[in-house]
Q: 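Before I ask anything, let me first share the structure, which is written out below as structure tokens.
Predicted model, so just to flag it, every value in this text is computed and none were measured. Only heavy atoms go into these numbers, but all of them, side chains included; no hydrogens, no water, no symmetry mates.
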Amino acid sequence: MTMSAVWYLRRLSRMGPREVGGRLGDALRRRQWRSARPECPSVTGARFTAVLPAGTIAAVPPDAAKRLVAEADRLMAGHAEYFGVDRDDLADPDWWYDPKTGRRAPWGYAFDVPYRNEEAVGDIKQIWELSRHQYLTVLAAAYAITGNERYAERVAEHLRLWWAANPPLRGVHWISGIELGIRLLSWVWVRRLLDGWQGAAGLFEGNPVALNQIWHHQRWLAAFPSRGSSANNHVIAEAAGQFAAACAFGWFPSSARWRAGALRSLDRQLRGNTFDSGLNRELATEYHGLVLELGLAAVAEADAARVPVPASVRLVLLRMTDALAAVVDSHLRPPRQGDADDGHGLIVDGAGTDRWASLLSTGDAVFGRLAWWPAVTGTDVRTPLLAALIQPYAKSASAPAVTRPASRPGHFADAGMTILRDPAEEIWCRCDGGPHGFLSIAAHAHADALSVEVRHDGVDVLADPGTFCYHGQPAWRQYFRSTLGHNTLQLDGGDQSVSGGPFLWTRHARSRVLVADASGASHGGTARWCAEHDGYQRSVHRRRVELTAASQELRVVDEVRGPHRTVRLAFHLGPAIAADLVGNWALLTWTRDGEERSAVLDLPGQLSWQAHRGETEPPLGWYSAGFGRKEPATTLVGTGFADGTALSGELTTVLKFRG
């Protein structure tokens with residue numbers, strides 16, 4: 001049996017009957033569409049009315065505008081960077097080319113393209129990213145701010161080239177619904193931001209090619225929604241993009257039906273993808289950001305078109321925003337949990353703009369900040385644009401009255417996330433005692449049960465190593481998702497949860513939080529957390545974490561109940577941390593704002609400790625700051641054997657920060 005056949009059997013085992021039936025229907029529809037591609041209905045008298053209110057562009061902060069224009073000029077010169085790969089071909093891009101591998105995706109009927117096969121296609125994310133057309137929204141925003149028509153003309157040139165090179169259902173850009181949804185959202189904003197340009201109407205509503213593309217994108221999304229075990233952030237991007245297009249480009253006989261269907265889906269999926277606490281159910285922080293961006297963009301289109309949205313949509317976005325404000329550290333960095341692929345819903349800002357500060361700024365404008373929210377000092381372009389369209393929550397007739405947290409939450413029981421922090425905000429510690437992931441395949445989960453992530457004044461000290469890659473590099477994908485790749489304990493060389501493929505887990509560890517007192521560190525006291533999981537089946541791993549603010553000390557105590565032969569306990573240090581390991585004692589040093597900082601890591605003496613850095617066979621000692629990028633970092637691994645070093649009792653680790 002081939003590996004692909006094994007994967008399909010595993011994948012099928014995670015589906016319910018309804019999902020299987022839906023996918024069989026999709027397969028039949030794909031066969032029909034191969035030979036029966038309908039034509040876009042004729043459109044006359046189309047007008048674009050979803051424009052920005054007068055004065056919106058004037059509200060963009062000058063420094064944010066300056067960063068945007070600098071980025072636009074870089075794009076105009078042909079330069080961009082995607083997932084760690086520099087491109088210099090954006091003046092005249094090849095839409096099917098992967099600069100990382102040098103391969104071009106094959107031509108043909110979209111659903112025949114083997115996009116998961118890097119040998120045949122190249123790195124699919126490198127190919128898809130450019131065709132999300134978010135670089136065009138940046139150029140369009142630069143036109144709106146400067147009035148310089150060269151930006152608008154470049155946008156028009158590239159859209160016409162893309163539409164000509166990628167006719168409906170042909171090629172690699174018609175395979176994945178999330179790509180079509182985000183692309184539609186980009187087109188809506190391109191049209192909006194180019195509204196002052198004399199060629200805007202001729203590019204969109206007066207252009208039969210554009211109308212054909214917009215219609216086919218929406219027809220595709222209506223026909224092939226992500227289903228069942230795949231209904232994660234993808235289905236939200238699909239619904240948000242289709243809803244935005246059906247509102248702003250509502251020129252077709254099916255527009256009202258598409259708009260209503262997309263809104264129903266968006267409402268249902270936002271609620272389904274979000275815990276009541278406001279955290280995203282995928283437990284992958286970057287997807288929390290993506291979903292929040294998509295939801296805000298969809299509500300902006302609804303309010304611009306005066307389309308009522310269910311109260312639950314705004315309520316979910318409000319809770320997501322409050323949750324984000326609660327979990328960020330003193331430098332507005334959220335947890336590094338689960339998968340992260342640098343995906344954004346809407347980009348109209350230049351390099352150096354803080355994504356999370358931008359979301360909190362928009363949340364302030366739309367929902368109103370709470371007294372405990374962290375201060376946001378940075379500026380961005382996107383916030384004034386969205387705020388100009390979205391009706392403030394307090395003024396929305398459909399928005400229900402809601403009780404928001406009176407103080408900063410530290411424990412999210414439904415998500416199993418606990419944030420321990422000292423009153424001075426210097427020490428920040430995330431403790432993971434939540435579900436393994438979302439839905440039956442938990443696609444974006446990592447085998448990280450009971451892991452901790454520790455920062456000091458925003459610097460990663462005990463770091464979550466990140467993600468690095470999805471396709472094409474299975475050894476690296478496995479490492480960054482593995483138990484050994486996180487700050488937790490591994491038994492007998494295996495992962496807590498069992499992987500069946502790069503986006504598939506066939507057995508999920510179950511965790512439960514026993515103690516969560518996140519407020520205990522106030523007034524010099526001690527915050528406590530304790531949880532356990534059953535991922536090793538015959539054995540239970542229990543961990544206690546205590547943060548004592550007065551002594552600037554973090555204590556981690558591990559205990560294993562049940563049979564086991566070997567234990568490996570890993571602590572991954574951030575890339576800025578230098579470590580001098582002697583026996584079971586390590587001196588950690590780093591620099592922050594020109595000041596030397598240090599900490600002592602007192603490791604369990606029952607284990608034999610070794611430092612690893614930048615190893616490749618197998619991978620160990622790496623940190624990925626973003627998708628496609630990795631750098632060496634020190635990992636300390638302690639190993640014990642049941643027939644040698646004593647493994648009974650507790651394993652105690654103490655991290656002591658020096659003043």
Q: For the backbone of W505 and the side chain of H508, can you confirm whether one donor and one acceptor N or O come within less than 3.5 Å of each other?
A: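 Such a contact is found between H508 side chain and W505 backbone.
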Q: How many angstroms lie between atom CG of L139 and atom CD of Q134, to the nearest 0.5 angstrom?
A: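 So the gap between those two atoms works out to 12.5 Å.
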Q: Should the pair F480 and F468 be assigned to parallel (<30°), tilted (30 to 60°) or perpendicular (>60°) ring geometry?
A: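 Judged by the thresholds at 30° and 60°, the geometry between F480 and F468 is tilted.
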Q: Rounded to the nearest 0.5 Å, what's the gap from CG on L359 to OG1 on T383? Could you check?
A: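 One finds 7.5 Å between CG of L359 and OG1 of T383.
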Q: If we only count heavy atoms from C-beta on, is the V600 to L588 side-chain gap below 4.5 Å?
A: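 No. Closest side-chain heavy atoms not under 4.5 Å.
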Q: State whether a side-chain donor-acceptor pair under 3.5 Å links Q337 with D448.
A: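 Per modelled atom types, Q337 and D448 side chains form no pair under 3.5 Å.
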Q: What I'd like to find out is whether the side chain of P465 reaches to under 4.5 Å of the side chain of W622, using heavy atoms alone.
A: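 Answer no - side chains too far apart.
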Q: Measuring only between side-chain heavy atoms, which start at C-beta, is L462 closer than 4.5 Å to L573?
A: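 They are in contact (side-chain heavy atoms under 4.5 Å apart), so the answer is yes.
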Q: Compute the ring centroids of F627 and Y470, then answer whether they are less than 6.0 Å apart.
A: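 Ring centroids of F627 and Y470 are less than 6.0 Å from each other.
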Q: So S265 and D267, side-chain hydrogen bond (donor to acceptor under 3.5 Å, both in side chains) or not? Walk me through it.
A: CA-CA 5 Å; S265 176; D267 179 28; over 6 Å; no
Q: Do Y287 and H444 have ring centroids that are under 6.0 Å from one another?
A: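 For H444 and Y287, the ring centres are under 6.0 Å apart.
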Q: Please report the closest heavy-atom contact between A447 and S497, naming both atoms and the distance.
A: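 Scanning both residues completely, I find the closest heavy atoms to be CB-N, 4.3 Å.
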Q: Just checking, any donor-acceptor pair under 3.5 angstrom between side chains of N487 and S451?
A: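 Result is no, nothing qualifies.
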Q: Assess, by modelled atom type and distance only, whether the side chains of E282 and N233 contain a donor and an acceptor separated by less than 3.5 Å.
A: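 Present: a donor and an acceptor within the cut-off.
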Q: Measuring from R555:CZ to L547:CG, what's the distance to the nearest 0.5 Å?
A: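 The distance works out to 12.0 Å.
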Q: Are any non-hydrogen side-chain atoms of C429 and I419 less than 4.5 angstrom apart?
A: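 C429 does not reach I419 side chain to side chain.
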Q: Going from CD on E81 to CZ on R74, what distance comes out if it is rounded to the nearest 0.5 angstrom?
A: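 So the CD of E81 and the CZ of R74 are separated by 7.0 Å.
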Q: Give me the atom names and distance for the closest heavy-atom approach of V348 to V138.
A: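 The pair with the smallest heavy-atom distance is CA-CG2, 4.4 Å.
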Q: Assess whether a salt bridge exists between R314 and D303, defined as any Lys/Arg side-chain N lying under 4.0 Å from an Asp/Glu carboxylate O.
A: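 So R314 pairs with D303 through a salt bridge.
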Q: Are more than 12 heavy atoms, taken from residues, nucleotides or ligands other than R510, located less than 6.0 Å from that residue's CZ atom?
A: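 Not more than 12 within 6.0 Å, no.
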Q: Ring of W372, cation from R408 - is the NZ or CZ under 6.0 Å from the centre and inside 45° of the axis?
A: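 Not flagged: R408 not positioned over aromatic ring of W372.
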Q: Between R67 and T353, do the side chains contain a donor N or O and an acceptor N or O under 3.5 Å apart?
A: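 There is such a pair between these side chains.
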Q: Between V328 and P374, what is the shortest heavy-atom contact and its length?
A: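 Taking every non-hydrogen atom into account, CG2-CG, 3.8 Å.
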Q: Within the supplied structure, the quantity of interest is the number of heavy atoms (other residues, nucleotides, ligands) at a distance under 6.0 Å from R512 CZ; does it exceed 12?
A: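 12 or below, so no.
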Q: Test S226 against E238 for side-chain hydrogen bond (donor to acceptor under 3.5 Å, both in side chains), laying out the working first.
A: CA-CA 8 Å; S226 293; E238 294 159 11; 2.6 Å; yes
Q: Between V557 and R543, is there a side-chain heavy-atom distance shorter than 4.5 Å?
A: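 Sidechains of V557 and R543: no contact.
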Q: Do we see a donor-acceptor contact under 3.5 Å between the side chains of Y623 and D464?
A: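 There is no such pair (donor and acceptor under 3.5 Å, judged by atom type) between the side chains of Y623 and D464.
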Q: Do the non-hydrogen side-chain atoms of E293 and L346 ever get within less than 4.5 Å of each other?
A: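 No - every pair of side-chain heavy atoms lies 4.5 Å or more apart.
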Q: Are Y151 and D73 close enough that a side-chain donor and a side-chain acceptor fall under 3.5 Å?
A: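 Result is yes, a qualifying pair exists.
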Q: Could you tell me whether the side chains of S511 and E532 share a donor-acceptor contact shorter than 3.5 Å?
A: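 Result is no, nothing qualifies.
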Q: Less than 4.0 Å between a side-chain N and a carboxylate O, is that true for D558 and R544?
A: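 D558 and R544: not salt-bridged.
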Q: Got a salt bridge between E301 and R192, using NZ or NE/NH1/NH2 to carboxylate O under 4.0 Å?
A: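 Judged by the 4.0 Å cut-off on N to carboxylate O distance, E301 and R192 do form a salt bridge.
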Q: When the ring centroid of H572 is compared with that of H486, is the distance short of 6.0 Å?
A: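 No, the ring of H572 stays outside the 6.0 Å limit from the ring of H486, centre to centre.
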Q: Say whether S230 and N232, considering side chains only, have a donor N or O and an acceptor N or O under 3.5 Å apart.
A: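 Short answer, no.
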Q: Do S624 and T467 have side-chain atoms, one donor and one acceptor, less than 3.5 Å apart?
A: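 Not at all, the side chains of S624 and T467 share no donor-acceptor pair under 3.5 Å.
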Q: Of D364, D322, T321, which meets side chain to side chain donor-acceptor pair (under 3.5 Å) against W373?
A: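 Passing option: D322.
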Q: Taking all non-hydrogen atoms of both residues, which atom of W356 and which atom of T285 are closest, and how far apart?
A: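 Shortest heavy-atom contact: CH2-O, 3.7 Å.
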Q: Please tell me whether T548 and E553 have a donor and an acceptor in their side chains that are separated by less than 3.5 angstrom.
A: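 No, E553 and T548 have no side-chain donor paired with an acceptor closer than 3.5 Å.
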Q: Do M417 and P335 come close enough that some side-chain heavy atom pair is under 4.5 Å?
A: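 They are in side-chain contact.
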Q: Could you report the tightest heavy-atom contact between P53 and L389, atom names first, then the distance?
A: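 Closest pair (atom of P53, atom of L389, distance): CD-CD2, 3.9 Å.
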Q: Identify whether the distance between the nearest side-chain nitrogen and carboxylate oxygen of D349 and R382 falls below 4.0 Å.
A: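 So D349 does not pair with R382 through a salt bridge.
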Q: Are side-chain heavy atoms of M320 and V291 found at a separation under 4.5 Å?
A: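 Touching, per the 4.5 Å side-chain cut-off.
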Q: Testing the basics here: between L290 and G345, what is the closest heavy-atom pair and its distance to 0.1 Å?
A: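 Closest heavy-atom pair between L290 and G345: CD1-N, 3.5 Å.
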